[in-house]
K.L.:
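Mind looking over this structure? Questions follow.
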Amino acid sequence: MADDKHSLQPSNTKVEALDIHTEEGRDQFLTTNQGLRINDNQNSLKAGERGATLLEDFILREKITHFDHERIPERIVHARGAAAHGYFQVYESQAELTRAGFLQDPNLQTPVFVRFSTVAGSRGSTDLARDVRGFAVKFYTSEGIYDLVGNNIPVFFIQDAMKFPDLVHAVKPEPHNEIPQAASAHDTFWDFISLMPESMHMIMWAMSDRAIPRSYRMMEGFGVHTFRLINEQGQARFVKFHWKPLLGVHSVAWNEAQKISGFDPDFHRRDLWEAIENGDFPEWELGVQIVEEADEHKFAFDLLDPTKIIPEELVPVKRIGKLVLNRNPDNFFAETEQVAFHPGHVVPGIDFTNDPLLQGRLFSYTDTQLKRLGSPNFHEIPINRPISPVHNNQRDGHMRQTINKGRVSYEPNSLGGGCPYQAKMAEGGFASYAERIDAKKVRARSRSFFDHYSQASLFFNSQADYEQEHIINALSFELGKVVTPSIKERMLYHLSQISQTLAERVAANLGLKVPAKIKGLINGSVPADANPEDYQPLPPQDQQIQKSAALSMANTVKDTIKTRQIAALIADGFDEKAFKTVKAALEAEGAKVLPVATHGGEITGNAGGKVKADLTLLTVASVLFDAVLISGGSQAITALKTDGDAIHFLNEAYRHCKAIAAIGDAKELIQASFIGTQFSKASNQTPALTGVIIEDDAAQAATDFIQAIAAHRAWEREKASKVPA
Ligand code: HDE
């Protein structure tokens with residue numbers, strides 16, 4: 001009888017006699033979920049070797065039943081995400097602003113779990129979709145969980161939660177054919193948007209490069225809504241939350257984003273994971289914009305309107321602490337998938353405002369977790385458990401983990417000694433901010449929410465030339481994919497309210513004219529027959545900001561190349577000395593130099609040294625890197641010059657405005673590529689050659705290359721030349 005199933009173990013598995021009474025011994029064996037050791041995991045129980053499988057096979061049934069139930073509903077929005085553990089530490093006590101415990105002590109590190117996400121695509125979609133990114137932070141504070149559930153864009157599409165299901169239905173794949181996945185470039189989205197003028201500010205952001213980040217580590221985060229901070233004395237102030245990445249805010253090019261989606265749909269997820277594995281811990285500073293209660297009405301926009309920012313020129317962002325992500329999850333499902341955020345998870349000292357979008361969110365998130373995680377006990381899933389103790393009289397329910405003791409499950413009680421008690425404020429009890437309310441019950445929107453274009457214009461006008469160009473191209477791409485002409489026309493009208501140039505440029509690309517007027521706008525607050533000019537109270541001139549430097553990514557941090565991925569194109573015979581010199585210089589600045597070779601295995605340099613090439617031109621593409629280094633070596637350059645993939649690699653990196661360094665005879669490879677055509681045209685100073693370093697001296701090349709990589713992209717090249725790649 002073949003009962004010694006150890007003999008079925010793969011031959012390289014070491015099987016030793018273990019003491020089954022030790023933990024180690026017990027851990028060695030495959031068991032059922034009831035702890036029964038399994039003797040055969042290869043064959044189901046049959047009526048004879050060639051017979052039918054028996055219903056009796058409880059081991060098979062348990063295994064397959066569990067498998068059948070492995071999937072839970074994905075998030076209706078933000079389904080695709082990646083997350084990491086870390087900590088938050090305040091720089092100095094914020095007691096003056098808030099009584100929140102985790103914002104008091106600069107020596108305290110509060111554990112956090114942060115999940116980044118795209119919004120529209122499903123779980124298996126691509127990271128590089130043009131989309132808003134979620135930026136949700138769970139703080140495990142000693143006073144309970146605090147969730148700051150924000151986005152990488154500081155405003156939102158709609159002003160009232162009532163419109164959220166419509167917005168999401170419009171952007172998701174169209175219901176009749178489930179097309180397109182993870183894309184807003186289709187009729188239903190733009191149909192809805194073109195009927196919602198309040199979305200125009202957000203549209204400017206979503207069509208900008210903010211919607212195609214280089215990395216989760218290089219995006220800003222925003223709480224979006226105005227919240228309240230309340231200090232020990234009960235004094236309240238308005239607050240907007242910001243996350244500022246220390247590596248700066250950077251994006252990729254749209255053409256690049258589309259290609260990355262094919263080459264590596266996990267690009268952002270992998271980037272986050274690898275940075276943390278490499279010890280390059282992503283960091284952000286928490287910023288606050290504080291507005292005194294007395295100043296609530298001093299702005300040209302309403303603080304409660306989530307389609308508006310507070311320009312940093314009006315209220316500066318004060319950086320009060322640092323977020324560091326330093327540990328990857330152990331298990332994607334257990335942590336990243338099961339984490340349950342909720343803007344209503346607050347701690348004493350942080351409170352809400354009447355932003356009508358925020359108010360709706362306060363209901364939605366618990367509801368969605370009940371559906372998605374299946375039970376009101378989702379707070380007991382390890383990733384959702386507060387570190388502070390939970391004591392209440394809630395009981396039972398699906399998958400209850402806590403074993404509550406005793407017979408008392410009500411309050412007030414005397415049988416349980418009155419426990420658990422309510423906490424007074426002085427004992428850390430949460431008491432909602434006693435905002436004075438004296439109002440009629442209405443379904444309406446305040447007129448102070450009606451200016452839909454000023455801040456959209458502010459955003460567009462604040463962009464650098466090349467950023468405006470990208471917005472024009474993005475809108476032309478998206479509306480170019482729209483089939484219904486009236487939708488495009490409505491959008492052109494709205495764009496003309498933001499910037500006439502913007503509207504005309506997009507119209508020219510679409511082969512349409514900008515309409516002077518459009519009828520029938522409906523946005524829930526504006527009568528269908530209203531003339532837009534009648535209902536847009538423009539802010540007083542002295543309160544209008546024409547440009548805000550903080551809105552342009554051109555003004556971001558550009559002094560570091562930390563964690564940048566540099567492709568070193570090599571082939572046998574490469575110039576080892578130059579390669580080593582530049583590699584050492586880049587690595588000293590924290591960049592990663594990754595040899596990309598003509599073949600796998602070992603590549604032999606011109607002095608006989610060997611480099612292991614994990615990446616080859618067959619497996620990777622330029623879009624997966626920030627910059628390209630070619631170290632020269634005549635034999636290598638001869639091989640690369642005749643390799644179509646190598647030439648394409650260079651052309652494409654050039655098209656996407658990346659830094660390129662060629663040392664010594666590597667210049668020949670540059671000349672064999674499209675970049676060579678730019679040399680014949682002009683001198684080294686032309687914008688077409690910004691960020692292209694051609695040098696004989698490796699040390700000098702390294703210095704110039706580092707500067708060019710830190711600038712992130714030489715976007716001025718886009719204007720100078722059109723590249724066939
Ligand atoms: Fe969300 N949102 N949202 N949202 N949201 C969800 O909750 C919702 C809004 C945001 O990584 C859902 O657990 C409504 C604004 C992030 O797990 C759901 C409204 C902002 C995440 C939901 C909004 C966000 C979500 C889906 C309008 C930026 C991902 C799954 C009233 C401030 C969190 C889930 C994660 C997730 C509802 C608007 C950010 C359905 C009803 C504005 C980052 O509950």
Side-chain angles (χ1 to χ4, degrees), residues 72-85 112-123 127 131-138 145 147-172 196 198-199 201-202 205-206 210 216 219-227 239-243 268-269 272 304-309 325 329 332-346 352-374 378-379 381 383-384 524:
I72 61 172
E74 66 174 31
R75 290 167 173 83
I76 167 71
V77 282
H78 297 268
R80 182 170 178 79
H85 295 271
V112 298
F113 188 67
V114 181
R115 184 173 180 272
F116 304 103
S117 48
T118 51
V119 178
S122 50
R123 259 192 75 181
D127 283 346
D131 200 352
V132 185
R133 298 298 185 285
F135 192 132
V137 184
K138 187 176 283 297
I145 296 279
D147 287 343
L148 182 48
V149 197
N151 280 342
N152 76 327
I153 291 181
V155 287
F156 203 63
F157 292 99
I158 48 171
Q159 295 174 324
D160 193 304
M162 192 71 157
K163 300 308 299 167
F164 192 66
D166 298 294
L167 166 73
V168 176
H169 287 174
V171 72
K172 283 273 181 181
M196 296 292 288
E198 70 202 51
S199 65
H201 186 196
M202 178 73 166
W205 286 80
R210 301 268 180 164
Y216 288 139
M219 338 185 280
E220 286 183 298
F222 303 91
V224 176
H225 315 281
T226 303
F227 291 89
V239 61
K240 288 262 194 202
F241 292 111
H242 297 245
W243 291 111
H268 284 154
R269 176 181 281 202
L272 179 67
L304 303 186
D305 175 356
T307 67
K308 303 296 182 299
I309 56 162
L325 297 183
F332 186 90
F333 179 81
E335 302 176 85
T336 310
E337 196 58 15
Q338 293 202 108
V339 66
F341 292 95
H342 187 345
H345 293 162
V346 288
F352 316 112
T353 60
N354 295 332
D355 172 340
L357 195 67
L358 173 60
Q359 296 279 315
R361 291 179 75 199
L362 296 179
F363 158 76
S364 176
Y365 288 69
T366 315
D367 188 37
T368 211
Q369 310 311 349
L370 288 174
K371 168 75 187 156
R372 197 167 71 81
L373 300 170
F378 64 82
H379 63 284
I381 295 171
I383 195 67
N384 295 324

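Order of listing sets the numbers, starting from 1, for every ligand and every atom in it. Heads up: numbering here begins at 1 and tracks the sequence. Bear in mind the structure is a predicted one, so any value in this text is a computation, not a measurement.
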K.L.:
Provide the number and element of each atom of ligand 1 under 4.0 Å from a heavy atom of Gly223.
P.N.:
32 (C)

K.L.:
May I ask you to decide if Ala136's main-chain N or O and Asp147's side chain share a donor-acceptor pair within less than 3.5 Å?
P.N.:
no

K.L.:
Evaluate whether atom CZ of Phe332 has more than 12 neighbouring non-hydrogen atoms of other residues, nucleotides or ligands under 6.0 angstrom away.
P.N.:
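Counting other residues, nucleotides and ligands, CZ of Phe332 exceeds 12 neighbours.
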
K.L.:
Could you see which bit of Thr368 sits under 4.0 Å from ligand 1, with heavy atoms only: side chain, backbone, both or neither?
P.N.:
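Side chain only.
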
K.L.:
Do the side chain of His85 and the main chain of Leu325 share a donor and acceptor less than 3.5 angstrom apart?
P.N.:
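No, because the side chain of His85 does not come within donor-acceptor range (under 3.5 Å) of the backbone of Leu325.
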
K.L.:
Which ligand 1 atoms are under 4.0 Å away from a heavy-atom of Arg115?
P.N.:
11 (O), 17 (O), 35 (C)

K.L.:
Short list, please: which atoms of ligand 1 are under 4.0 Å from a heavy atom of Ile76?
P.N.:
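Heavy-atom distances to Ile76 below 4.0 Å select 40 (C).
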
K.L.:
Please check whether Ser117 reaches ligand 1 - meaning an N/O of the residue sits under 3.5 Å from an N/O of the ligand, judged on distance alone.
P.N.:
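No.
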
K.L.:
For ligand 1, is there an atom lying under 4.0 Å from some heavy atom of Gly150?
P.N.:
yes

K.L.:
Counting N and O atoms only, with roles assigned by atom type, does the side chain of Glu337 sit under 3.5 Å from a partner on the main chain of Glu74, one being a donor and the other an acceptor?
P.N.:
no

K.L.:
Can you check which of Thr366, Val149, Val77 brings a heavy atom nearest to atom 26 (C) of ligand 1?
P.N.:
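Ranked by closest heavy atom to atom 26 (C) of ligand 1, first place is Val77.
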
K.L.:
Would you kindly check if the NZ (Lys) or CZ (Arg) of Lys138 is within the cone defined by 45 degrees around the ring axis of Phe341 and under 6.0 Å from the six-membered ring centre?
P.N.:
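Yes; both conditions hold, so Lys138 lies above the ring face of Phe341.
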
K.L.:
Who gets closest to atom 16 (C) of ligand 1 by heavy atom: Arg75, His78, Glu337?
P.N.:
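Of the listed residues, His78 has the closest heavy atom.
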
K.L.:
Does Gln359 have a heavy atom less than 4.0 Å from any atom of ligand 1?
P.N.:
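It does not, in that no heavy atom of Gln359 comes within the 4.0 Å cut-off of ligand 1.
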
K.L.:
Would you mind running through ligand 1 and noting each atom that sits below 4.0 Å from a heavy atom of Ala161?
P.N.:
31 (C)

K.L.:
So for ligand 1, is Arg372 a polar contact partner (N or O within less than 3.5 Å, distance only)?
P.N.:
no

K.L.:
Hey, do the aromatic rings of Phe135 and Phe116 have their centres closer than 6.0 Å?
P.N.:
yes

K.L.:
Check whether Lys240 reaches the backbone of Val224 with its side chain - one donor and one acceptor, N or O, closer than 3.5 Å.
P.N.:
yes

K.L.:
Could you check whether any side-chain N or O of Arg133 sits under 3.5 Å from a backbone N or O of Asp131, counting only pairs where one atom can act as donor and the other as acceptor?
P.N.:
yes

K.L.:
So if I count the atoms of ligand 1 from 1 in the order they appear, which ones are less than 4.0 Å from some heavy atom of Val224?
P.N.:
28 (C), 32 (C)

K.L.:
Taking the side chain from Thr353 and the backbone from Thr226, do they hold a donor-acceptor pair closer than 3.5 Å?
P.N.:
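Confirmed, Thr353 side chain pairs with Thr226 backbone.
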
K.L.:
Give me the nearest non-hydrogen protein atom to atom 28 (C) of ligand 1 as residue plus atom name, then the distance to 0.1 Å.
P.N.:
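So the nearest neighbour among protein heavy atoms is Asn151 ND2, 3.3 Å.
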
K.L.:
Consider every N or O of Tyr365 and every N or O of ligand 1, then say whether any pair is closer than 3.5 Å.
P.N.:
yes

K.L.:
Go through the side-chain N and O atoms of Arg361 and His225 and say whether any donor and acceptor fall under 3.5 Å apart.
P.N.:
yes

K.L.:
Decide, yes or no, whether a salt bridge links Asp160 with Lys163 under the criterion of side-chain N to carboxylate O below 4.0 Å.
P.N.:
no

K.L.:
Nearest heavy atom to atom 41 (C) of ligand 1 wins, so pick from Phe157, Phe341, Phe113, Phe164.
P.N.:
Phe164

K.L.:
Need the ligand 1 atom indices (1-based, order shown) with element for anything under 4.0 Å from a heavy-atom of Gly134.
P.N.:
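Matching atoms, with element in brackets: 43 (C).
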
K.L.:
For atom 24 (C) of ligand 1, find the nearest protein heavy atom and state the residue, atom name and distance (0.1 Å precision).
P.N.:
Arg361 NH2, 3.1 Å

K.L.:
Does Asp127 reach the main-chain N or O of Arg269 with its side chain, forming a donor-acceptor pair under 3.5 Å?
P.N.:
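It does hold such a pair.
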
K.L.:
Number the atoms of ligand 1 from 1 as they appear, then name those within less than 4.0 Å of a heavy atom of Gln369, with their elements.
P.N.:
13 (O), 34 (C)

K.L.:
Which residue holds the protein heavy atom closest to atom 18 (C) of ligand 1, what is that atom called, and what is the gap in Å?
P.N.:
Ser364 OG, 3.9 Å

